[in-house]
Student: 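Sharing a structure with you now.
The figures here come from the full heavy-atom set of this structure, side chains too, leaving out hydrogens, waters and symmetry mates. Within every chain, numbering begins at 1; the chains are lettered A, B, ... in the order of the sequence lines, protein sequences first and strands thereafter.
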Amino acid sequence: MVKIENLIVQENEEIEKNLFRLKLTKGSLVLPKIGQFYLFKLPGMTLRRPISIHLYDGKSLFFYYAVKGEGTQKISRLKSGEAVSLQGPLGNGFKEFSKKKILLVAGGMGIAPFLYVAKQLGEDNALTMIAGARSAKELKIVRTFLPYNLKIITTSEDGSTGIKGSVLTPLKELLGKEKFAVVFSCGPEQMLRALSKEISGIPHFVSLEKNMACGTGACMGCSIKTKNGMKKVCLDGPVFLDKEVFYD
Amino acid sequence: MVKIENLIVQENEEIEKNLFRLKLTKGSLVLPKIGQFYLFKLPGMTLRRPISIHLYDGKSLFFYYAVKGEGTQKISRLKSGEAVSLQGPLGNGFKEFSKKKILLVAGGMGIAPFLYVAKQLGEDNALTMIAGARSAKELKIVRTFLPYNLKIITTSEDGSTGIKGSVLTPLKELLGKEKFAVVFSCGPEQMLRALSKEISGIPHFVSLEKNMACGTGACMGCSIKTKNGMKKVCLDGPVFLDKEVFYD
Amino acid sequence: MTKLSVDFLSNLKFSNPILSASGCFGNSLSYLEYFDPNILGGTILKGLTLKPKDGNSGERVIETASGMLNSVGLENLGYDKFIKESLPEIEAKISIPVIANINGSTPEEYVLLAKKLDKHKKIVALELNLSCPNVKSGGMSFGTQAKMVHDITLAVKQATSKPVIVKLSPNVTDMQAIVLAAAEGGADGISLINTLLGMAVDIGKKKPVLGNTFGGLSGPAIKPVGLRCVYQARQVTNLPIIGVGGIANAKDVLEYMAVGANAVSIGTMLLSEPLMVGKILQDLQKYCENEGLKNLQEIVGVCHQ
Amino acid sequence: MTKLSVDFLSNLKFSNPILSASGCFGNSLSYLEYFDPNILGGTILKGLTLKPKDGNSGERVIETASGMLNSVGLENLGYDKFIKESLPEIEAKISIPVIANINGSTPEEYVLLAKKLDKHKKIVALELNLSCPNVKSGGMSFGTQAKMVHDITLAVKQATSKPVIVKLSPNVTDMQAIVLAAAEGGADGISLINTLLGMAVDIGKKKPVLGNTFGGLSGPAIKPVGLRCVYQARQVTNLPIIGVGGIANAKDVLEYMAVGANAVSIGTMLLSEPLMVGKILQDLQKYCENEGLKNLQEIVGVCHQ
Ligand SMILES: Cc1cc2nc3c(=O)[nH]c(=O)nc-3n(C[C@H](O)[C@H](O)[C@H](O)COP(=O)(O)OP(=O)(O)OC[C@H]3O[C@@H](n4cnc5c(N)ncnc54)[C@H](O)[C@@H]3O)c2cc1C
Ligand SMILES: Cc1cc2nc3c(=O)[nH]c(=O)nc-3n(C[C@H](O)[C@H](O)[C@H](O)COP(=O)(O)OP(=O)(O)OC[C@H]3O[C@@H](n4cnc5c(N)ncnc54)[C@H](O)[C@@H]3O)c2cc1C
Ligand SMILES: Cc1cc2nc3c(=O)[nH]c(=O)nc-3n(C[C@H](O)[C@H](O)[C@H](O)COP(=O)(O)O)c2cc1C
Ligand SMILES: Cc1cc2nc3c(=O)[nH]c(=O)nc-3n(C[C@H](O)[C@H](O)[C@H](O)COP(=O)(O)O)c2cc1C
Ligand code: FES
Ligand code: FES
């Protein structure tokens, strides 16, 4: 099984300042499942950087990423035709459902994995996504969700688009009005914890972030304490049931 | 005075396997003197790498270099239009003479500084150059000397071009036949030492190499013991009188 | 004898000098989908303790210039679970020499763990980790005191029939005194270096990056320190040495061997490039051919000549 | 008071926290054609000894991953020539605080040199180098023993009217014990870290690269160790600290200040990018404005809160 391969950059587009969408050839890596991620090896960097699968359209792998530091900056400088070493797909990913009402909650870059979720689960389930960010700029990517079958609610802290507030603002009403079978959420830990307090009675899957080194459970670099003992975000996650990880 | 500047690559040609000629815009750095050198800053490298001025043709700076390790490999990957940070010109350089019979002796990459010497001193002096290398391949660069006013004798260890042997092979006869006023030599230290033993009675200037860090006399990284106490190759050299440095 | 084989000890032989370093290759089962770990000369397992250990909280790894910091803190299943859950799979899938990396917060714990491991044939040697910088007691706090190094080595040697390789810390004033202490304690081999104590700052948060504040620095950044420590060790001992610290390619392996290592282990760069082992072995083979060596061990210690 | 000014001691103030580190900026005159050194907060001169010193033979510098090794071995003109040849030009051209870096192969030599320098007003403080790894006697061999650090500090303090900043080595088992020894010896400030002991191998020649075999490792590779040492020093002392090791930009400066440094000095990366000082100062100024700081010293030690 090929787990590491040099893939060729097909496109690396700056959608908005510091927010990029990268398109790569699929190569011979295994097909990704929703919510999985890849490790990117960048020249001169010791550790590979984890980025979620944003979309697999049957031909290419897409990634949606923010430039944070040196690693993501180096990703952003990749030019069409250049090669980049990817390791993956890694992690458990989101559980696949069918014929369910599913709520997706995305904070900031947490929206990255949900395009692929929309593509894979949209036809067979009823999806609603709340996507929140600081301002409209960070939500430009939402346009690319329109071809898929899901309802979208946006929120922005500055009110520049959608509902002014956080993803929590529309949440209560929504949960009162509609009965979801399951919630997937991804975003800053603080948001995930807040969501976890609001959502009860239905399974709520959260996708966590943690600095990583190996991505395969070898180094214990990404371990977290859970109700069921130590778990590795890279191997046992990144997706966990909220109750398992936010129990304190 | 500008001592460090980003210069633009105009051409970076592989003349022969691992042997390159680089052409850079001059920018606003001071004009080089013969035998001086520049320090190249390469991305990801801590120390700048010293390379001699190969030619300044009134418009561009030329460098002739061999790929040895990571630093020179990075130079070799520079593409036209890219910028590279140069520091210089540095060092004392060769003394300028006029109306003299001058012998140049080059071993391997030691030929690099002599093109500029040929251009600057060729018209006003009578130059002879012995250029030696392991084989013909390493002497391809000699063709570029033809437009200048100098006599050229080549030697190769494998006999694939010129006289079979080392630069020392034709030297004795030449010194017997012609009376040179001064000798400039550049190449491996072993060769310079051997030359120094053969040449007596006339000033013999040798251009030395030593690992460098600052190139400006600040770090004492390139100091050598000389007859006249410690000297810095970067500042007091790279050109020294042979008797000053090979006295043991 | 092949060109790359290593007679590390009379009872410990490796088919080549490349081992996986402790803590960076799990229990040698994490990369089965990536490559056959049995191409390694040997494998050193993740640090083991008597009781299960959760390790440190907060962030545990962060990149630094040509290196990384980790503050894993010896998270592991503990002896019982290791024997039950990991060892059978190791026995089934790993055919190269397997070395356990043993840890304790008291000298007694090291001894007890060594005793318990003695009956498990699959474990062919013990790497005595006296150098973990990420635990409150034991580890580096022992490995920086010559007397402790001597006493624990001696006690563990008496508790086991397996070869004992003592893994030392570079965070010491006098490397040679510590190496000698291990040798006098009866060590069969020396493994060095473990990580350098370091830290990173998240200036945005105005806090240390690692939950544990300090962590161990590893990777190419520390290779010069590792080479120096192996050189110093080789100056005072004839024991076989496993060199470790920043190895990223065959050239690095040769450098470690040139200063005195008989074998090497690779940690950080194996995390980064899991597939590098095959390439390194090819390059070492080529080196032997180019240099006309019968066996790569001929270059061990050449820098001392 | 400006945003960047540092009241390092009552009798030692810097206009900003950026100093040039000893050994990487000559006697502060090498870069006059490059930039005005007087934009620095202060400058620490190349290591000085009583007698002239030739330093080590063979290669003295070599690049390593994100760093370099040097084995200069304190080559310098010696006191007499320094006073005659260098000091006048320093007096004429350098208007910022000038700190001498003093060295000796015996405690007495340190004391004698301190005494001799006392009359030279231009030298506003002494950096007592107890940490050079590249000399046979003195330097690091003193700086790794707490008692020596204490005694030499005390003796030099008694011999001079100038502030004494003790420069320490990271090559020690117990950094805090050494810092405390300097403090108890009467140090006015602490400077750390000097280089880590390391080596490089030329595998082609099968020899150490450096003529002296070992050298001092510096540059970004060692920043994690430097930050850790300053953090540890700040845990045990309120003395002002000059942080040094791997600083390459304003962010690195802030990190050192966050762990407890009041000022920093820059060595290796100044060799590599001599023009970086101006940019760092701009970036620090901007940082103060963005963070609403009256003075950058407000962030000193925030990582300890
Ligand atoms: C499972 C997973 C999926 C992710 N998916 C995405 C995605 O789809 N799009 C996206 O923009 N970002 C994603 N991230 C975050 C992304 O990995 C980090 O932003 C990136 O690694 C930062 O690297 P850097 O070198 O640019 O920044 P640095 O300067 O190294 O650090 C910036 C921040 O990133 C964190 N970070 C640094 N190194 C690592 C590491 N090895 N692993 C994880 N975090 C690190 C640091 O804690 C720091 O806060 C994901 C993270 C995880 C764990
Ligand atoms: C004054 C001077 C002028 C030079 N002119 C030329 C020239 O015109 N053309 C040319 O091809 N080469 C020239 N060199 C040699 C060139 O500088 C080295 O080949 C180059 O620095 C090697 O760097 P690297 O990273 O490729 O190799 P590395 O892998 O770093 O080392 C390969 C070899 O280069 C030497 N070296 C490494 N670092 C340095 C350093 N900082 N300074 C000097 N040597 C170093 C090492 O000792 C080693 O033997 C000159 C050297 C000096 C001192
Ligand atoms: C994430 C991580 C975990 C480690 N765990 C252990 C361990 O459990 N036991 C041990 O002896 N060394 C451990 N080490 C140290 C390595 O085995 C090795 O000595 C060190 O990292 C230097 O080698 P490297 O530069 O090749 O990584 C660990 C290192 C890392 C990076
Ligand atoms: C070439 C060189 C020479 C040095 N000479 C001295 C010296 O004379 N005295 C001293 O105290 N430190 C000396 N140092 C150590 C530096 O001052 C500094 O402590 C160390 O290099 C770490 O900082 P850096 O990573 O910024 O270089 C020298 C360092 C280098 C690289
Ligand atoms: S990143 Fe290594 S165990 Fe998860
Ligand atoms: S390279 Fe620094 S003094 Fe010559």
Side-chain angles (χ1 to χ4, degrees), chain A residues 1-6 28-30 39-50 68-74 84-91 188-190 208-236 245 248, chain C residues 20-35 46-47 52-77 81 134 200 202 204 209-211 215 217-221 246 248 267-276:
Chain A
M1 184 152 44
V2 180
K3 295 291 283 185
I4 297 184
E5 196 175 36
N6 283 328
S28 40
L29 298 177
V30 175
L39 289 178
F40 283 65
K41 170 91 186 163
L42 290 318
M45 307 301 289
T46 314
L47 300 179
R48 288 172 179 255
R49 295 295 194 268
K68 282 274 181 72
E70 233 183 306
T72 45
Q73 185 162 78
K74 283 186 175 169
V84 57
S85 167
L86 254 72
Q87 176 178 349
L90 302 168
E189 188 175 317
Q190 241 187 323
L208 299 185
E209 285 195 11
K210 190 90 179 171
N211 285 12
M212 291 183 180
C214 74
T216 60
C219 77
M220 315 283 161
C222 67
S223 291
I224 53 167
K225 227 180 200 123
T226 75
K227 222 168 162 171
N228 308 310
M230 299 303 293
K231 294 274 165 117
K232 295 168 203 114
V233 172
C234 71
L235 192 71
D236 307 312
V245 289
D248 43 3
Chain C
S20 61
S22 181
C24 298
F25 205 61
N27 283 328
S28 312
L29 303 166
S30 301
Y31 288 96
L32 290 170
E33 290 181 349
Y34 290 72
F35 72 101
K46 171 66 196 166
K53 233 175 131 57
D54 283 354
N56 293 314
S57 56
E59 290 296 351
R60 291 179 170 190
V61 292
I62 183 75
E63 171 138 357
T64 65
S66 294
M68 67 176 282
L69 286 162
N70 91 80
S71 63
V72 167
L74 288 179
E75 176 184 340
N76 80 94
L77 297 173
K81 270 200 159 178
N134 295 318
D202 183 330
V209 171
L210 300 175
L217 181 64
S218 60
T268 301
M269 292 311 282
L270 212 49
L271 300 172
S272 179
E273 281 296 1
L275 302 185
M276 71 155 94

Student: From Met220(A) CE over to Asn56(C) CG, what is the distance, rounded to the nearest 0.5 angstrom?
Tutor: 13.5 Å
Student: How long is the span from the CE atom in Met212(A) to the CD atom in Glu59(C), to the nearest 0.5 Å?
Tutor: 9.5 Å
Student: Look at Gly267(C), Ser272(C), Gly26(C) and state which one has the largest set of heavy-atom pairs under 4.5 Å with chain A.
Tutor: Ser272(C)
Student: Please give me the minimum heavy-atom distance between Gly221(A) and Val61(C), naming the atom from each residue.
Tutor: CA-CG1, 3.8 Å
Student: Rounded to the nearest 0.5 Å, how far apart are SG of Cys222(A) and CZ of Arg60(C)?
Tutor: 8.5 Å
Student: Can you tell me how far OG1 of Thr268(C) sits from CG of Leu47(A), rounded to the nearest 0.5 angstrom?
Tutor: 8.0 Å
Student: Of the backbone (N, CA, C, O) and the side chain (C-beta and beyond), which part of Thr64(C) lies under 4.5 Å from a heavy atom of chain A, both, or neither?
Tutor: backbone
Student: Enter the distance from Thr46(A):OG1 to Glu273(C):CD here, rounded to the nearest 0.5 Å.
Tutor: 11.5 Å
Student: Glu70(A) versus chain C, heavy atoms under 4.5 Å apart: side chain, backbone, both or neither?
Tutor: neither
Student: Between atom OG of Ser30(C) and atom CG of Leu235(A), what is the distance when rounded to the nearest 0.5 Å?
Tutor: 7.5 Å
Student: Where on Lys41(A) is there a heavy atom nearer than 4.5 Å to chain C: the side chain, the backbone, both, or neither?
Tutor: side chain
Student: Side chain, backbone, both or neither: which part of Phe35(C) has a heavy atom under 4.5 Å from chain A?
Tutor: neither
Student: Kindly indicate whether the side chain of Thr216(A), heavy atoms from C-beta on, has any atom under 4.5 Å from the side chain of Tyr34(C).
Tutor: yes
Student: For Met45(A), is it the side chain, the backbone, both or neither that has a heavy atom under 4.5 Å from a heavy atom of chain C?
Tutor: both
Student: Got Phe25(C) and Cys219(A) here, is their nearest side-chain heavy-atom distance under 4.5 Å?
Tutor: no
Student: Check whether any side-chain heavy atom of Asp54(C) lies under 4.5 Å from a side-chain heavy atom of Lys225(A), and answer yes or no.
Tutor: yes
Student: Within residues 65-74 of chain C, which positions have a heavy-atom distance to chain A below 4.5 Å?
Tutor: Ser66(C), Gly67(C), Met68(C), Val72(C)
Student: What I want to find out is whether Glu63(C) reaches Arg48(A) closely enough, with some N-O distance under 4.0 Å, to be called a salt bridge.
Tutor: no
Student: Counting N and O atoms only, with roles assigned by atom type, does the side chain of Lys3(A) sit under 3.5 Å from a partner on the main chain of Tyr31(C), one being a donor and the other an acceptor?
Tutor: no
